[in-house]
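Here is the structure we will look at.
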Amino acid sequence: MEIPVGKNMFTEPENSGWVRTLARFGFAAKGLVYVLIGALSLQAAFGAGGRTAGGHEAVGVLGEQPFGQALLIVVGIGLVGYALWREVLALKDPGHVGRDAKGKAERVGWAVSGAISAGLAITAFQLALGRGGGGDGSRTWVGKVMEQPFGGVLVGIAGLVVIAVAVQQLRKAMKSRFARDLSTQGMSPPERTWVFRMARVGLVSRGVVFGIIGAALIKAAIAHDPGQSKGVGEALSTVAASPFGPMLLVLVAAGLCAYGVYMFFCTKYSKLAHPAA
């Protein structure tokens, strides 16, 4: 069966209701992962036995809960939905960002985001089937890229792209650009207040984490050493090791929890034709 992905796929419920449902389910899955990342890192900051964590570690924690296998499968399906939505945005451009340099850059970013979510979904399914699924994803792909001709250059470019995404997250937070992609008219005044608060705090925290990851990629490219690259968990460890580290880690981790809550709001209020985060 052909997937109905025309330019109005997110505004024609009779043709795309299941696609929209899957996309919104994806927001919930992503939100849960971010809440877990933040919660684990908050435990680490307070010395309560937690650890700074990335997406893989957060998914692993789900598997340790009662009915963990079922939770992993549900979250995996949600992440597949989120990945599918990002790829549709990149390929079909329902929000009409265009084909100029800026539009192409945004669409490439959405495609990469979708691929990352798909990879995390695979981890969830592997864990649900008892096949492991852990590992250091960041260092693995960086090492593979560096084995290719001009691999170091490609990793350096990836680092610059991630830093650009970090700047974009910060600008989106400061200028409330996320609001244009939300159905704010359907929000009550208290909801609008909390959605905006969660979005701003969450996007700033993501900007900090992405900035650290991007800088580490550039450092890895210069040294031609995949071991110097960082994922989300390692980026949070870098925050913890900085001056005033525990306090900063609390702020960033709380911000990631806030971003997760914002994702839950997006399940209801995202316009879907353009990403709100």
Side-chain angles (χ1 to χ4, degrees), residues 26 29-30 33-34 37 41 51-60 76 79-80 82-91 93 97 99 101-127 131-170 205-239 241 252 256 275 277:
K30 184 181 179 184
V33 170
Y34 265 90
I37 290 172
S41 299
R51 61 192 185 278
T52 56
H56 289 264
E57 292 84 1
V59 168
L79 291 170
V80 169
Y82 189 84
L84 173 63
W85 171 64
R86 298 295 266 197
E87 299 305 331
V88 168
L89 288 177
L91 296 172
D93 190 22
V97 299
R99 296 183 177 273
K102 182 180 178 181
K104 287 180 179 178
E106 281 197 78
R107 293 167 70 178
V108 168
W110 300 336
V112 171
S113 172
I116 292 171
S117 292
L120 197 54
I122 290 172
T123 296
F125 292 137
Q126 287 176 331
L127 289 170
R131 297 180 182 174
D136 196 329
S138 172
R139 291 187 176 94
T140 297
W141 77 259
V142 171
K144 289 180 178 178
V145 171
M146 283 188 174
E147 292 172 359
Q148 309 306 313
F150 305 105
V153 174
L154 293 175
V155 171
I157 292 172
L160 292 173
V161 170
V162 174
I163 288 176
V165 172
V167 172
Q168 180 215 38
Q169 296 282 289
L170 295 172
S205 289
R206 288 232 305 170
V208 171
V209 171
F210 286 174
I212 294 171
I213 292 172
L217 284 172
I218 293 173
K219 186 176 179 180
I222 293 172
H224 206 78
D225 177 11
Q228 297 199 32
S229 61
K230 299 180 188 291
V232 173
E234 293 86 2
L236 290 169
S237 294
T238 299
V239 172
V252 174
L256 294 179

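All values reported here derive from a predicted model rather than from experimental measurement.
- The two residues His56 and Leu120 have their closest heavy-atom pair at N-CD1, 3.7 Å.
- Scanning all heavy atoms of the two residues, the minimum distance from Ser117 to Ala83 falls at CB-CB, 4.1 Å.
- In terms of heavy-atom proximity, Ala53 sits nearest to Val232 at O-CG1, 3.8 Å.
- Distance check, rounded to the nearest 0.5 Å: NZ of Lys230 to NZ of Lys219 gives 6.5 Å.
- A distance of 9.5 Å separates CG of Leu84 from CG of Leu89, quoted to the nearest 0.5 Å.
- In terms of modelled atom types and a separation under 3.5 Å, the side chain of Ser229 and the main chain of Pro226 share a donor-acceptor contact.
- Counting all heavy atoms, side chain and backbone alike, Tyr82 lies closest to Lys30 at OH-NZ, 2.8 Å.
- The line from CG of Leu217 to CZ of Phe210 is 11.5 Å long, rounded to the nearest 0.5 Å.
- Between the CD1 atom of Ile213 and the CD1 atom of Ile218 there is a distance of 12.5 Å, given to the nearest 0.5 Å.
- The backbone N or O of Thr52 sits nowhere less than 3.5 Å from a side-chain atom of Ser41 that would complete a donor-acceptor pair.
- Note that CD1 of Ile37 is 8.0 Å distant from CD of Glu57, once rounded to the nearest 0.5 Å.
- A distance-only check finds a donor-acceptor pair linking the side chain of Glu234 to the backbone of Gly231 [under 3.5 Å].
- Taking all atoms of both residues into account, the shortest heavy-atom contact from Arg86 to Trp110 is CB-O, 3.3 Å.
- When all heavy atoms of Gly152 and Ala221 are compared, the closest pair comes out as O-CB, 3.2 Å.
- Put simply, the side chain of Val153 reaches to within 4.5 Å of the side chain of Ile157, judged on heavy atoms.
- Taking CG of Leu79 as the start and CD1 of Ile122 as the end, the distance is 11.0 Å to the nearest 0.5 Å.
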Test side-chain contact (heavy atoms from CB on, under 4.5 Å) on Leu236 and Ile212; report intermediate values, then the result. CA-CA 9 Å; Leu236 290 169; Ile212 294 171; over 6 Å; no
